[in-house]
Number of protein chains: 2
Amino acid sequence: MATATPRTQRSDATRAAILRAARERFAADGYERATIRAIAADARIDPSMVMRYYGSKEGLFAAAAEFDLRLPELTDVPPEQLGEVLARHFLHRWEGDETMAALLRAASTNPGAAEKMRGIFADQLTAAVATFGTDPAGTAQRAGLVAAQILGLALTRYIVRLPPMVEMAPEELVAWVAPTLQRYLTGNPGR
Amino acid sequence: MATATPRTQRSDATRAAILRAARERFAADGYERATIRAIAADARIDPSMVMRYYGSKEGLFAAAAEFDLRLPELTDVPPEQLGEVLARHFLHRWEGDETMAALLRAASTNPGAAEKMRGIFADQLTAAVATFGTDPAGTAQRAGLVAAQILGLALTRYIVRLPPMVEMAPEELVAWVAPTLQRYLTGNPGR
DNA sequence: CTTCGATGTCAACGGTTGTTGGCCTACAGT
DNA sequence: ACTGTAGGCCAACAACCGTTGACATCGAAG
């Protein structure tokens, strides 16, 4: 009220407000049900501002779905603890930022979102798996299997909300899933 | 052409045509992008017929998403082969019927579809796991974990289409996933 | 103080969607 | 042969969507 907000900061503030509202709506409703009008209402601005700042709905989604897995350095992790470290990291990453839920919900129906999802796991996860690469030829496969287990966990816990998966404590889930990831990373098929 | 089709069969035929087209569209596009008009066009009838036969879009989806996992009798399977049998069964079931892909796509954005998904896994899968129940208290958890791995596999292979998961041969996937299911069914957390 | 550009608002457009009611046609029961 | 009725089509409605353009407002540079 009293202190006038500098002008250059104002646009950045609303930009951020739009992005926050967009992530919430995309996460809760998916790409098609999340309307620009609803997002603008949440951010307390006019729908046309969304267009001005992000060009189109797809542009807004692309900005809102920018995501970094923030995978830790795996080189200084004891090889037999890789599964546990990864399982715990993903669970915490997911629980603290709804961007990933938004991306997952949207990826089921929106081709662009699916493409972005492929990019994230192909680039970030595959690269991380490659750093301790004891099996260069199978790296992509191993990363894919890890993604399948991780995304299945996220899907059942945050999207479909299967009761047993929702009710389990994070550490309980880590205990169950860690050995699976460990085998996908360093083991062989058929046990 | 020559022989007139009996009237009672005609309606059943178009009912089935609608259902088939609906499953295809729901599987390919998800709930919101699959329009009644497109489904009707595929079935070569008028959109209003869809309403007459199924009441509403939600009613049509409910009918199209009716699904039986067709889980085999698990009582006469050697306990140490449960994971392998289940993994192979799910993969074949999924590859042969796109209903499940339609349900999975829709479950990400449509609450009714998610509810139906919960029902399928809570009823059919949990019941199957309970038949050889060596751990009555943990049955629901074990079924949930199996669902997480199975759905993660389906999501990455049929929906998001992660290249390594798409390219792997079915038996290759079975070899990797079977031990995971086996441990979720009969093992303990933390290996 | 004036001027210019960026920020924000308002109203509207064109298109698509689920859904509805009226109309035509042709077959089954009498 | 006649009639009622069910299958099928056409046109339209009301609502909602993404998107656009014109107009107001206000802070900063000259």
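Chain letters run A, B, ... following the sequence lines, proteins first and then strands; every chain starts at 1.
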Find the bend of the helix from C/dC1-D/dG30 to C/dT30-D/dA1 as the angle between its two terminal axes (five pairs each), to the nearest 10°.
->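 Here the helix ends are tilted 0° relative to one another.
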
Nearest-Å distance for atom pair [atom1]/[atom2], residues [X] and [N]:
| X | N | atom1 | atom2 | answer |
| --- | --- | --- | --- | --- |
| B/Glu58 | C/dT19 | CD | P | 9 Å |
| B/Ile39 | C/dT19 | CD1 | P | 11 Å |
| A/Glu32 | C/dG18 | CD | P | 12 Å |
| B/Arg15 | D/dG7 | CZ | P | 9 Å |
| B/Met51 | D/dC9 | CE | C1' | 16 Å |
| B/Ile36 | C/dT17 | CD1 | C1' | 9 Å |
| B/Ile18 | C/dG18 | CD1 | P | 14 Å |
| A/Tyr53 | D/dT19 | OH | C1' | 17 Å |

Output every pair passing ring-ring contact (aromatic ring centres under 6.0 Å, His included) with a member in residues 63-91 of chain B, not counting sequence neighbours, ordered by first then second residue.
->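 ring-ring contact (aromatic ring centres under 6.0 Å, His included) check on residues 63-91 of chain B returns no pairs.
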
Check side chain to side chain donor-acceptor pair (under 3.5 Å) between A/Glu58 and all other residues, then give those that pass, not counting sequence neighbours.
->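 A/Glu58 satisfies side chain to side chain donor-acceptor pair (under 3.5 Å) with no other residue.
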
Sequence neighbours left out, what passes side chain to side chain donor-acceptor pair (under 3.5 Å) with B/Thr186? Give chain and number order.
->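 Checked B/Thr186 against side chain to side chain donor-acceptor pair (under 3.5 Å); matches are B/Gln182.
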
Side chains of residues 144-151 of chain A: which donor-acceptor partners sit under 3.5 Å, not counting sequence neighbours?
| unit_1 | atom_1 | unit_2 | atom_2 | d |
| --- | --- | --- | --- | --- |
| A/Gln149 | OE1 | B/Tyr184 | OH | 2.9 |

Between side-chain atoms of residues 75-86 of chain B and protein atoms elsewhere (two or more places apart, or another chain), which donor-acceptor pairs fall under 3.5 Å?
| unit_1 | atom_1 | unit_2 | atom_2 | d |
| --- | --- | --- | --- | --- |
| B/Thr75 | OG1 | B/Glu73 | OE1 | 3.4 |
| B/Glu84 | OE2 | B/Arg88 | NH1 | 3.4 |
| B/Glu84 | OE2 | B/Arg88 | NH2 | 3.0 |

A/Arg25: partners by salt bridge (charged side-chain N to carboxylate O under 4.0 Å, His left out), with sequence neighbours left out |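 Scan of A/Arg25 (salt bridge (charged side-chain N to carboxylate O under 4.0 Å, His left out), adjacent residues dropped) gives A/Asp29, A/Asp42.
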
Positions of residues 20-30 of chain A (non-hydrogen atom under 4.0 Å from DNA chain D), listed by number =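 When residues 20-30 of chain A is checked for heavy atoms under 4.0 Å from DNA chain D, there are no hits whatsoever.
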
Around atom CZ of B/Arg93, are there more than 12 heavy atoms of other residues, nucleotides or ligands at under 6.0 Å?
->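 More than 12 heavy atoms, drawn from other residues, nucleotides or ligands, come within 6.0 Å of this atom.
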
Taking only the side-chain nitrogens and oxygens of B/Thr14, find out if one of them lies under 4.0 Å from OP1 or OP2 of D/dG8.
->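 Affirmative; the distance criterion is met.
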
Could you go through residues 158-168 of chain A and list every donor-acceptor pair under 3.5 Å that involves a side-chain atom there, pairing it with any protein atom two or more places apart or in another chain?
| unit_1 | atom_1 | unit_2 | atom_2 | d |
| --- | --- | --- | --- | --- |
| A/Tyr158 | OH | A/Glu95 | OE1 | 2.5 |
| A/Arg161 | NH1 | A/Tyr158 | O | 3.1 |

Going by the salt bridge (charged side-chain N to carboxylate O under 4.0 Å, His left out) test, which pairs reach into residues 135-150 of chain A, not counting sequence neighbours?
->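 Residue pairs passing salt bridge (charged side-chain N to carboxylate O under 4.0 Å, His left out), neighbours aside: A/Asp135-A/Arg142.
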
For residues 104-113 of chain A, which side-chain N or O atoms pair as donor and acceptor with protein atoms under 3.5 Å away, sequence neighbours left out?
| unit_1 | atom_1 | unit_2 | atom_2 | d |
| --- | --- | --- | --- | --- |
| A/Arg105 | NE | B/Ser108 | O | 2.5 |
| A/Arg105 | NH1 | A/Ala27 | O | 2.4 |
| A/Ser108 | OG | B/Ser108 | OG | 2.7 |
| A/Thr109 | OG1 | A/Glu32 | OE2 | 2.3 |
| A/Asn110 | OD1 | A/Gly112 | N | 3.0 |
| A/Asn110 | OD1 | A/Ala113 | N | 3.0 |

Check: B/Leu103 main-chain N/O paired with B/Lys116 side-chain donor or acceptor under 3.5 Å |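 Not a single qualifying donor-acceptor pair exists.
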
At under 4.0 Å between heavy atoms, which parts of nucleotides 9-15 of chain C does protein reach? Answer with one letter per nucleotide, 5' to 3': B base, S sugar-phosphate only, - none.
-> BB-B---

